[in-house]
Amino acid sequence: MYGLVDGNNFYVSCERVFQPRLDGRPVVVLSNNDGNVVSRSPEAKLLGIPMGAPFFQVRELLTRHQGQALSSNYPLYGDMSRRVMARLAEHAPAVEVYSIDEAFLDLDGLTTWCGPLDARARAIRRDVLDCTGIPTCVGLAPTKTLAKVANRLAKKYPELQGILRLDTEARRERALRALPAADVWGVGRQYAAKLQAQGLTTAWQLGQVGEGWARQHLGGVVGWRLIQELRGQPCQGLHPSEDGTLARQSISCSRSFGQRLTCFDDLWGAVSTYLSRAAEKLRAQHDQAHILTVFLSQDRYDTRVPPPYTRSVTLTLPAGPTADTLCLLAYARRLLEKLYVPGRRYVKAGVVLDGLEPPGRGQQLSLFAPAAPVTGRPAATPESDARARQLMRSLDALNRQFGRGTVRPAASVASPAPTGQPAAPWLGRAEHRSPAYTTRLEDLLIVQ
DNA sequence: TCTGGGGTCCTAGGACCC
DNA sequence: TCTGGGGTCCTAGGACCC
């Protein structure tokens, strides 16, 4: 039996823990650059503000109803997430952290140990709320997809008090008949339109389609698995998360700029900043990468710009995998030089690290590339490698202790900006940012 | 004027291997 | 006339998730 625990409008809930004045008002949290709505309080949903709406389209509506918009504060949400996951780990033998605000729990065997499942679910909700202030809903079912269904309905119908268990055939059928097919996990915009065209409107009807149709129209084997899971046949196991974090198979960092950029040095400032951050994440999960991608985007809403709006270059590192920021920077600079076209107005840049593996599997050397390919430094030796690793350890330690970006590559340091301008030309807007209540000493709340 | 970021999995074709 | 089977890696693209 799976449990799916999901924070209710998570980002807004995190903000409300520290700002009770937001209770009862329409509140939204915005994406980076204050671009789109990514979390809505129930009051904001009632106003009809859709998920993902561009902020400029709903700003006036929100103001009219004494609402509040907040810039996203990921240090806060990430830390609150860690606290929630730590509580969940106390309630189940295995937990899979699925996203910042939800986790699958393995509940097999707990009925005998701890009494009825509903009581367990109630205990989990109460504990998470008491310890973190975050309200949640819990779905219980024999497959992950049905657990998502249960969770969805538990959120939708307050009379369920945040919990729905789908462990009998009758309960499964009743739940699926109550859920629109478009709300099933794995059914997005494209598939929803196809289902609609076939007259399949409920999750129950979706569960009746044949294997051939599912494979042909719902993405091959993925679609067929979805149908079987709806029927109660598990196709996906639980992937337990080590120490409450998720090891990724790729790591990326990208941002929209606060303004259009045309100058190479500004773009390099942005890319070097993002790459430093990605490399930091890479080392934090104790991996090395052997594939590096850099991309630049133009404005996809500008009708004068022909597609493709995003161009990327990918490099399989000729000297094998690395987690060294300086080494990756040298490659990234060459990739950016390849991509950059003078005169183009860029709105966004990013980097992706792929081909992740733990170090020490034996270095793959290239027959042709020199050992120190682009850094301009002498060829690597075991001693210089050890020193490079030590340098990264020191870098990470300093940035952990004194704050992100305390020590960074020179390219990421912008020249002094005129007053009123952002500190770096690539920085985005964040005009409504709340304090980092739980991760910065200066931002701690003081109780009078 | 203003439109996010970070992921996953699958497919399909081509080049290449034994 | 008849032209294998089982792989890997790469690239690009498409769908989905939160």
Side-chain angles (χ1 to χ4, degrees), chain A residues 4 6-11 28-40 50-60 69 71-72 74 77-78 81 96-104 144-145 148 151-152 182-195 214-226 235-236 239 245-260 274 277-278 281-282 285 290-291 293 295 297-303 307-316 347-356 364 428-431:
Chain A
L4 176 65
D6 187 326
N8 300 349
N9 36 72
F10 185 66
Y11 297 168
V28 300
V29 172
L30 305 173
S31 62
N32 248 353
N33 220 359
D34 291 347
N36 300 67
V37 172
V38 293
S39 182
R40 305 161 295 157
M51 184 65 171
F55 179 45
F56 72 89
Q57 287 176 2
V58 299
R59 176 184 292 163
E60 204 196 329
S71 303
S72 40
Y74 284 100
Y77 313 147
S81 171
E96 175 182 342
V97 177
Y98 177 69
S99 74
I100 195 165
D101 73 330
E102 62 189 293
F104 287 102
K144 282 182 164 181
T145 305
K148 291 283 282 187
N151 185 285
R152 191 84 184 216
D183 290 352
V184 171
W185 189 42
V187 176
R189 263 218 318 275
Q190 310 289 325
Y191 293 167
K194 277 189 192 175
L195 296 176
R215 283 182 181 269
Q216 198 181 340
H217 296 105
L218 301 178
V221 66
V222 184
W224 176 230
R225 288 208 281 250
L226 189 166
C235 299
Q236 310 184 55
H239 306 290
T245 61
L246 204 50
R248 330 253 30 168
Q249 297 174 40
S250 75
I251 289 173
S252 60
C253 181
S254 65
R255 293 281 182 282
S256 294
F257 311 136
Q259 52 187 296
R260 307 279 184 272
Y274 307 157
R277 178 71 195 118
K281 294 193 218 172
L282 178 67
Q285 74 168 46
H290 82 265
I291 300 170
T293 300
F295 67 85
S297 301
Q298 292 177 276
D299 187 355
R300 66 184 188 281
Y301 300 102
D302 186 340
T303 47
Y309 307 108
T310 298
R311 285 171 196 277
S312 65
V313 240
T314 298
L315 175 71
T316 298
V347 300
K348 175 179 178 174
V351 304
V352 186
L353 300 172
D354 269 303
L356 308 192
Q364 174 63 55
R429 276 184 306 276
E431 287 163 8

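In what follows, every chain begins at residue 1, and chains take the letters A, B, ... in the order their sequences are listed.
If you measure from atom CG of A:D101 to atom P of C:dC18, you get 9 Å, rounded to the nearest angstrom. With rounding to whole Å, A:Q259 atom CD is found 14 Å from B:dT1 atom C1'. The interatomic distance linking A:E102 (CD) with C:dC17 (C1') rounds to 9 Å, in whole Å. Protein atom CZ of A:R189 is 14 Å distant from nucleotide atom P of C:dC18, rounded to whole Å. Rounded to whole angstrom, the span from the CG atom of A:L195 across to the P atom of C:dC16 amounts to 10 Å. In this structure, A:E60 atom CD and B:dC2 atom C1' are separated by 14 Å, rounded to whole Å. A:D6 has its CG atom 8 Å from the P atom of C:dC18, to the nearest Å.
Within 6.0 Å of CZ in A:R152 there are 12 or fewer heavy atoms belonging to other residues, nucleotides or ligands. More than 12 heavy atoms of other residues, nucleotides or ligands sit less than 6.0 Å from atom CD of A:E431.
Between A:Y11 and A:Y74, the ring-plane angle classifies as perpendicular under the 30° and 60° cut-offs. Using bins of under 30°, 30° to 60° and over 60° for the plane-to-plane angle, the ring pair A:W185/A:F104 lands in the tilted bin.
Residue A:Y98 is in sugar-phosphate contact alone, with no base atom involved, counting any heavy-atom pair closer than 4.0 Å across all strands shown. Backbone-only contact: A:Y191 has heavy atoms under 4.0 Å from sugar-phosphate atoms and none from a base. Counting non-hydrogen atoms under 4.0 angstrom, A:V347 reaches nothing in the nucleic acid. Within 4.0 Å (heavy atoms only), A:V352 reaches no atom of the nucleic acid at all. Nucleic acid contact class of A:D34 (heavy atoms, under 4.0 Å, all strands): none. Contact annotation for A:R429: backbone-only contact, meaning every heavy-atom pair under 4.0 Å involves sugar-phosphate atoms and none involves a base.
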Next on the checklist: Dot-bracket for DNA chain C, please. Rules: Watson-Crick or G-U, both distances under 3.5 Å, ( ) within the strand, [ ] when a pair crosses earlier ones, | for another strand, . otherwise.
Outcome noted: ....||||||||||||||
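Taking atom C1' in both B:dG4 and C:dC17, one finds a spacing of 15 Å when rounded to whole Å.
Applying the 4.0 Å criterion to OP1 and OP2 of C:dC18, one finds that A:K148 has a side-chain N or O inside that range.
Within the 4.5 Å cutoff, side-chain heavy atoms of A:D299 are placed close to those of A:R260.
Of all non-hydrogen atoms in A:A278 and A:V351, the two that sit nearest each other are CB-CG2, 3.9 Å.
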Next on the checklist: I need a per-nucleotide contact map over nucleotides 4-13 of chain B, read 5' to 3'. Cutoff is protein heavy atoms under 4.0 Å; write B for the base, S for backbone only, - otherwise.
Outcome noted: BSSSSSSS--
